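Just so we're clear, the structure is a prediction, and the values are computed from it rather than from any experiment. Chain letters run A, B, ... following the sequence lines, proteins first, then strands; residues in each count from 1.
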2 protein chains.
Amino acid sequence: MGESFTQTLAARFDSLPAQLQKAARWIEAHPHDAALLSMREQAGRAGVQPATMTRLAQALGYDGYDTVRALHADALRHARQPGLVATAARRNKLQAGTREAAAQAMVQHGAAQIGALGDPATLTALSQAASLMAGAGRIFCLGMRSSHAVAWHVWYALSLISDRAVLLDGVGGVGFDALVQARPSDVLFVCGVAPYTRAVVEAVMQARAGGLRVIALTDSPLSPLISQGEPALIVPTDSASFLHSMAPAFTLAEILVALVARGDDPALLARLDGLDRQLAAFNTYHPSKG
Amino acid sequence: MGESFTQTLAARFDSLPAQLQKAARWIEAHPHDAALLSMREQAGRAGVQPATMTRLAQALGYDGYDTVRALHADALRHARQPGLVATAARRNKLQAGTREAAAQAMVQHGAAQIGALGDPATLTALSQAASLMAGAGRIFCLGMRSSHAVAWHVWYALSLISDRAVLLDGVGGVGFDALVQARPSDVLFVCGVAPYTRAVVEAVMQARAGGLRVIALTDSPLSPLISQGEPALIVPTDSASFLHSMAPAFTLAEILVALVARGDDPALLARLDGLDRQLAAFNTYHPSKG
DNA sequence: ATAAGATTGCAACAAGTGTTTTATGTTAGG
DNA sequence: CCTAACATAAAACACTTGTTGCAATCTTAT
């Protein structure tokens, strides 16, 4: 992208005839509409003949008006995460194509993804999920393949603060048999992204049939893991790499557990303290402890 | 706004035929494109007949596809420049102390933590670690307790793109015996944060003694897991909750793997493709695949 | 196994698109 | 005042768009 539309326009604006200037002014004032509306519609709103838009595009050196619109569409697409990311990119400029540059791009993308989790819908779902977990009997944790790390981590964190967490991994070929003993007061935390593992989807259906509440952490509002009326945590999984990213899911899961823990009683800290002692007694930790 | 497109869709999604679901999934995954591209173009990208898009719109009760696109266009217009974090906090003013507010604070904190990973030192370490991994024979992955999810995920992702990954979990009480068979061309990826698990520290020492290169992902430059002259990935673990956060570590680990994969040969995509086929053959995935 | 129904792919359609051509008006210099 | 030279408007053009009707195909229940 050698030059932005605005720059190109500014360079030649003064030498344009009156009608073209009128059209150009409107485009500058309504860049969103320039991307989203048809040329004729734009011409109408700008108070200009349709042909004028085409002529403007050509006068600026573009093939036609479609090019102009594509420019504005790209801007709409990419002008996403302004703060954080844009400034970081400006700060340390790396040669494109190097591994450092790629790494930096991924870091920025990741930060933007996490930041986007702050939208109201996600926060509400988090809150609901947390209260559901807090009031639950047992909490079953399920996730396979790329989602396994997330499910495992949730189980582990929960097991630090309570004894109600049950991990549903398939170790030993036992499948998810523990689910059959679940009671309606229990909840199932399930994490899964497309392509959805069949066994997980079936386990969710089984849990639902058994009357369990289900908290789904997944990648789309249309995920088969989501149960109507239950909290659904939706995270992005897109990545610069071809491996989709589970980092947003992991982060959200961690926040969820933190929320659950927050609501818990003061006996919790004592419990964690006791755990530390116990582990120290078993010589689990290396002495150079922070 | 009576109902958002997503809500309308979610309500009837299950009762839609396969092709309409496929189209709907694509739209949900690419809301920007849904606003900016022509229907035929969208159909092509979604792998669906043009008519299907129209039918979907009508099945959801809209007049036609233009209505659907207008909905997404509006969303694109209004969800404009949120300064991501700062303005998001301003926009939805939450009462301090509520669960939503706490969640939002954690999200913002998390985004900042991830963004901070873009500093030059970390990027350099990432690059070194990636080239080390790329040139390695086998890659042992080690991490226990809260670091286990990270180690597991790295192992899993690596095992998707090569057959050189070995997970060192202690399942079955076998300890880390696999390490004794390691050769100097192998590398050890280890993740661990304070308080450092004794067994992990000892395994690192053993690996170092055996001539292995060691990539450490840890929480401090003073961590006992770091070997002199080896790449060290330092991540923050502080959290609003008392449970320390592993999300930055997880994110960085994922980027590391992506970098390793990036450098790999073109045979990689073929390999992943083959994997997909294999899993499909074994009926691993739920049919509603993206 | 078969029929009724739903779903899908294909091709044709009218409407709308961006562009180009043609006609009309406007302005400046001889 | 005329007439080039230019700017604007209008109309015609080729093309793409979103939609719909119909036949082929796949489900599903009898």
Side-chain angles (χ1 to χ4, degrees), chain A residues 5 8-9 12-27 30-74 76 222 224, chain B residues 5 8-9 11-27 30-74 76 280 283 286-290:
Chain A
F5 173 82
T8 307
L9 174 59
R12 318 193 196 185
F13 183 80
D14 291 329
S15 62
L16 294 178
Q19 290 298 102
L20 296 198
Q21 287 193 1
K22 192 175 178 183
R25 257 194 282 272
W26 185 90
I27 294 177
H30 306 87
H32 302 178
D33 292 326
L36 295 167
L37 270 42
S38 82
M39 189 210 73
R40 287 181 126 93
E41 176 73 22
Q42 294 179 42
R45 297 197 186 189
V48 158
Q49 289 288 330
T52 306
M53 308 299 271
T54 295
R55 284 198 261 268
L56 172 62
Q58 292 169 339
L60 296 178
Y62 300 111
D63 289 350
Y65 198 79
D66 281 329
T67 309
V68 172
R69 185 171 37 213
L71 251 42
H72 285 88
D74 279 354
L76 248 194
L222 306 181
Chain B
F5 173 81
T8 307
L9 175 58
R12 319 197 194 184
F13 182 79
D14 291 328
S15 61
L16 293 177
Q19 289 299 103
L20 297 196
Q21 289 194 359
K22 192 174 178 184
R25 271 187 205 288
W26 185 91
I27 295 176
H30 308 274
H32 296 185
D33 292 328
L36 295 167
L37 271 41
S38 80
M39 188 210 74
R40 285 180 126 95
E41 175 73 23
Q42 295 179 40
R45 298 197 186 187
V48 158
Q49 291 283 334
T52 305
M53 307 300 271
T54 294
R55 291 187 178 124
L56 171 63
Q58 293 169 340
L60 296 179
Y62 300 109
D63 288 349
Y65 198 79
D66 282 327
T67 310
V68 172
R69 189 176 32 218
L71 251 42
H72 285 88
D74 279 353
L76 199 53
N283 211 9
H286 189 260
S288 73
K289 156 177 179 171

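- In this structure, of dT20(C), dG18(D), dG9(C), it is dG9(C) that holds the atom nearest to the side chain of Q19(B).
- With hydrogens and angles ignored, a donor-acceptor pair under 3.5 angstrom links the side chain of R40(A) to the base of dG18(C).
- Interatomic distance, NE2 of H32(B) versus CG of L76(A), reported as 8.5 Å (0.5 Å rounding).
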Between L20(B) and L60(B), does a side-chain contact (heavy atoms from CB on, under 4.5 Å) hold up when you go through it step by step? CA-CA 10 Å; L20(B) 297 196; L60(B) 296 179; over 6 Å; no
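- In this structure, the CG atom of D63(A) is 10 Å from the P atom of dT20(C), given to the nearest Å.
- The distance from atom CD of Q42(B) to atom C1' of dT16(D) is 15 Å, rounded to the nearest whole Å.
- Across dC10(C), dT7(C), dG18(C), the shortest atom-to-atom separation from the side chain of T54(A) is found for dG18(C).
- A18(B) comes within contact range of the sugar-phosphate backbone alone, with a heavy-atom separation under 4.0 Å but no base atom that close.
- In this structure, H72(A) and I27(A) have side chains that are in contact, with non-hydrogen atoms separated by less than 4.5 Å.
- Within the nucleic acid shown, R69(A) comes within 4.0 Å of sugar-phosphate atoms alone, with no base atom in reach, counting heavy atoms only.
- OP1 or OP2 of dT17(C) lies within a sub-4.0 Å distance of a side-chain N or O belonging to S38(A).
- The backbone N or O of A43(A) sits nowhere less than 3.5 Å from a side-chain atom of Q49(A) that would complete a donor-acceptor pair.
- Taking atom CE of M39(A) as the reference point, atom C1' of dA15(C) lies 16 Å away to the nearest angstrom.
- Remark: side-chain polar atoms of R69(B) are paired, donor with acceptor, to backbone N or O of L37(B) under 3.5 angstrom.
- Between Q58(A) and dG18(C) there is no side-chain N or O to OP1 or OP2 distance below 4.0 Å.
- A straight line from CG of L20(B) to C1' of dT7(C) spans 9 Å, rounded to a whole angstrom.
- Q49(A) has its CD atom 16 Å from the C1' atom of dT17(C), to the nearest Å.
- Across the protein-nucleic acid pair, D66(B) atom CG and dA15(C) atom P stand 15 Å apart, rounded to whole Å.
- Atom OH of Y62(A) is separated from atom P of dT19(C) by 14 Å (rounded to the nearest Å).
- Put simply, CZ on R55(A) is 15 Å from P on dG18(C), counting in whole angstrom units.
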